[in-house]
S.K.: 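Have a look at this one before I ask anything.
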Amino acid sequence: LSDVVPAIGSGLVDGMIIAMVAVSFTLIYNATGVVNFTNGQLMVLGGYLSWWLQVDVGLPFIPTVVIAVGISAFVGFLIDRVVIGPLRDSSLLVQVTGLIALASVMDGVFRKVFGAESRNLPAYLSLRSVVPGLNWSATDLVIIGVTLVVIAALMVVLYRTPTGSYMRAAADNPLAAGLVGVNPNRVAYGTWALGAAMASLAGVLILPRLLLSSSIGLTLTLLSFAAVVLGGFGSLIGAIVGGLLIGVVQAVVARQFEGGWEPLVSLVLMMVVLTARPSGLFRAAT
Amino acid sequence: MAVWASVAARRRTVTAWERELPWVGAWRVNVLVVVAVVVGAFWGGSASSYAASVLVLSCAYYVAAVGYNVVAGVTGQLIFGQAGFMAISAYLLAVLEQAGVGEVPAAVLGVLASGAAALLIGLAVIRTRHFALALVTLAFAQATVLLIQHWPASHEDDGIFATLGGSNLVYIAVAVAAVTFILADRLVRSRLGRAMAMVSSDERAAAAMGVGSGLTRTVSATIGGLFAGVGGVLLASALQFITPQNFTIQLTILLLTIIVVGGLGSMWGTVAGTVLVVLIDQVLNVSTDSQDIIYGVLLFASLALLPRGLASLPGVIARLVALGRERTGQEAT
């Protein structure tokens, strides 16, 4: 059993990252009604930008994070303007298909620009364990700390500032929000920029724990979907809890069963929850 | 006579093609298909093995795309697991052949397994809607590929051989594609086909008319899965050697490109879409990463610029011509 505790520790760190991406997904879903199928690709974008800025350009870590996240925010803005814009009035099928097309294009571009081989970036801090028991390293502590700060900051923005109330208003009732002077376009591209920035930050942070390759985008997307499904669609708290849960269960399964079964965990959990309890684990079934 | 004419008119939904090109009636279509089959099969049989393999590959894509079009296009269900259903039949064919089962029983079992998987998915997700369905099917397809990668009998990532029909494969493939066309064309015009279209546009209205949306969606998913199974068997025998990498999301995106570019819900559109995609594939002869980009851009461009696909092109052109005539007419007066 003592083996399980470090697994839980490692799972919690992964779970933090998944939670951040799931929150980014929920943010975009709530404010614009669009199901973001490019989450994983945005994480991969963050990872590659960070790799490029640190290894090719030679920047230190902090400026790298700022620039990578900034570029990704602009990419998020572009996605809303260029890809979602023309499909805004189309059916859900068309919007989802459009985003899957975009994900495919992003995968292809990553492979063309950065090559097909996997990359492993040296850690930005030591990977040596500093917290005994849970086996957390300094890198892990940074991941946990940054995720908590970002999510807390997001909550403050959403519930304590005018910008946040615009976003919640647009999510709640787009028509009424428009009537009282909220610009739905600005909310849409603002939310996409914010969501893309968060997903890419998650990608930058998790990079040392993960082998980066151009083909993992879909796997990461499905991980964040699994978190959202577990927590219940549209719930920010649910997304966080779901992310942590997926991270822990996946790590424990990886510890107990040899041979790379852990990617199956999120897929099976997602299928079971969606068919048995479509409203998520924590909400009363309606 | 007038009564019969009106009954006949009510029985058949008139497609855009028929409005624009009245000579493409149902009987003439069947004759056309038969002629195309005979020509195609003889050409495929006499042509180089390369041309024959391209023809078989096109038929595989076409059959799977037709199934996809029935579910996603006609019934409007967000299913993104077509590659998973194809993987099931393709791998069953290959693995059963390795185990000494004959080609035909292996292929039939494979197709039935694909259909059964689709039926299960259909039953499981009766309660879920919209993108929940998209997520379940996407997860299912990913999980299928993962399981194949962990299944010793499939030789995991090393790949496995599959054969069907030997030198007669090209005839089988063309015949299957032709039967698929006729079946799908009949299906869309049938009572079931109209029920599917109704569920797609408004489930409540459909229910009010006595069309059970759950049953219709499940049947549609099963039909889509069966066609995917046939497509998977054809794909495996066209490639002759398959690995799990042949059945990733890229295959689903390729099929999606075919049906969207051709026109969602249009049976002729799927033919046009398949021809276009195979032409792009063969003419450009591009690497995998460029394929991701090209199909993605093509898919998006079609959604944004020609949302009803190539099938709507005759109508669009006719309208443009009419508009142009009106304009010049106004200038003349």
Side-chain angles (χ1 to χ4, degrees), chain A residues 29 34-35 37 82-83 85-87 89-113 115-116 214-215 217-219 221-222 225-226 228-229 233 259-279 285, chain B residues 72-73 76-80 120-121 123-147 149-150 200 245 248-250 252-254 256-257 259-260 264 286-305 307:
Chain A
Y29 174 72
V34 175
V35 183
F37 269 79
V82 179
V83 179
L87 309 179
D89 300 325
S90 310
S91 69
L92 192 67
L93 177 76
V94 169
Q95 288 187 352
V96 169
T97 309
L99 282 173
I100 287 184
L102 174 67
S104 161
V105 171
M106 287 174 83
D107 277 348
V109 170
F110 290 146
R111 210 168 311 141
K112 260 208 146 52
V113 176
S214 54
S215 55
L218 179 65
T219 313
T221 306
L222 285 169
F225 283 169
V228 170
V229 164
F233 257 97
W261 289 101
E262 69 271 11
L264 211 56
V265 171
S266 55
L267 301 177
V268 171
L269 273 177
M270 179 154 64
M271 285 195 278
V272 169
V273 172
L274 274 176
T275 48
R277 279 186 77 90
S279 53
Chain B
Q77 301 300 302
L78 280 82
I79 285 200
F80 291 101
L120 273 181
I121 295 264
L123 288 174
V125 294
I126 269 186
R127 291 202 292 152
T128 62
R129 296 289 135 96
H130 304 312
F131 53 83
L133 187 58
L135 297 190
V136 169
T137 49
L138 200 56
F140 162 79
Q142 287 291 103
T144 307
V145 172
L146 264 168
L147 284 175
Q149 281 175 327
H150 281 89
S200 167
Q245 293 308 311
T248 57
I249 180 102
Q250 287 167 329
T252 301
I253 291 176
L254 179 113
L256 207 51
T257 309
I259 63 172
V260 169
L264 282 171
V286 286
S287 58
T288 328
D289 38 337
S290 312
Q291 250 177 30
D292 279 353
I293 302 175
I294 291 171
Y295 292 147
V297 169
L298 195 62
L299 187 52
F300 176 73
S302 174
L303 289 174
L305 304 176

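Labels below follow one simple rule: chain letters A, B, ... track the order of the sequence lines, proteins then strands, and each chain is numbered from 1. On a predicted model such as this, the values are computed, not experimentally measured, just so you know.
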S.K.: With side-chain contact (heavy atoms from CB on, under 4.5 Å) as the test, pick out the partner of Phe300(B) among Leu87(A), Leu99(A), Leu102(A), Ile100(A).
M.R.: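 Passing option: Leu87(A).
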S.K.: Taking every non-hydrogen pair under 4.5 Å, which of Ile249(B), Val297(B), Leu146(B) racks up the most with chain A?
M.R.: Leu146(B)
S.K.: In terms of heavy-atom pairs under 4.5 Å, which option from Ile253(B), Leu264(B), Thr252(B) contacts chain A the most?
M.R.: Ile253(B)
S.K.: Please state whether the side chain, the backbone, both or neither of Phe110(A) comes within less than 4.5 Å of a heavy atom of chain B.
M.R.: neither
S.K.: Any donor-acceptor pair under 3.5 Å linking the side chain of Ser104(A) with the backbone of Asp292(B)?
M.R.: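 Side chain of Ser104(A) to backbone of Asp292(B), a donor-acceptor pair under 3.5 Å: yes, one is there.
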S.K.: Given heavy-atom pairs under 4.5 angstrom as the criterion, report whether the side chain, backbone, both or neither of Leu256(B) touches chain A.
M.R.: side chain
S.K.: For the atom pair CD1 (Ile121(B)) and OG1 (Thr137(B)), what is the distance rounded to the nearest 0.5 Å?
M.R.: 7.0 Å
S.K.: If I take atom CG from residue Leu299(B) and atom OG1 from residue Thr257(B), how far apart are they, to the nearest 0.5 angstrom?
M.R.: 4.5 Å
S.K.: Which residue is it: Val272(A), Leu274(A), Val229(A)? I am looking for the one with a side-chain contact (heavy atoms from CB on, under 4.5 Å) to Val136(B).
M.R.: Leu274(A)
S.K.: Between Tyr29(A) and Val34(A), is there a side-chain heavy-atom distance shorter than 4.5 Å?
M.R.: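 Contact flag for Val34(A)/Tyr29(A) side chains = no.
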S.K.: Non-hydrogen atoms of chain B under 4.5 Å away: do they reach the side chain of Val82(A), the backbone, both or neither?
M.R.: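 Backbone of Val82(A) only, per the 4.5 Å heavy-atom cut-off to chain B.
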S.K.: Drop me the distance from Leu147(B)'s CG to Phe140(B)'s CZ, to the nearest 0.5 angstrom.
M.R.: 9.5 Å
S.K.: Minimum heavy-atom separation for Ser214(A) to Asp107(A), with atom names?
M.R.: O-OD1, 3.3 Å
S.K.: What are the two closest heavy atoms between Leu267(A) and Pro263(A), and how far apart are they?
M.R.: CG-O, 3.5 Å
S.K.: Any idea which of His150(B), Gln142(B), Gln149(B) has the most non-hydrogen atom pairs under 4.5 angstrom with chain A?
M.R.: His150(B)
S.K.: If you count heavy-atom pairs within less than 4.5 Å of chain A, which of Ala139(B), Ala304(B), Pro307(B), Ser302(B) leads?
M.R.: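 Among the listed options, the one with the most contacts to chain A is Ala139(B).
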S.K.: Please classify the contact of Phe80(B) with chain A as side chain, backbone, both or neither, using a heavy-atom distance under 4.5 Å.
M.R.: side chain
S.K.: Which bit of Leu222(A) comes within less than 4.5 Å of chain B, counting heavy atoms only: side chain, backbone, both or neither?
M.R.: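 The side chain, not the backbone.
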S.K.: Leu264(A) versus chain B, heavy atoms under 4.5 Å apart: side chain, backbone, both or neither?
M.R.: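 Contact with chain B involves both backbone and side-chain atoms of Leu264(A).
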S.K.: Non-hydrogen atoms of chain B under 4.5 Å away: do they reach the side chain of Val83(A), the backbone, both or neither?
M.R.: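 It is both, since atoms from each part get that close.
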S.K.: Identify which part of Val35(A) has an atom lying under 4.5 Å from any heavy atom of chain B, answering side chain, backbone, both or neither.
M.R.: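 Only the side chain of Val35(A) comes within 4.5 Å of chain B.
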S.K.: Need one label for Leu218(A): side chain, backbone, both or neither, based on atoms under 4.5 Å from any heavy atom in chain B.
M.R.: side chain
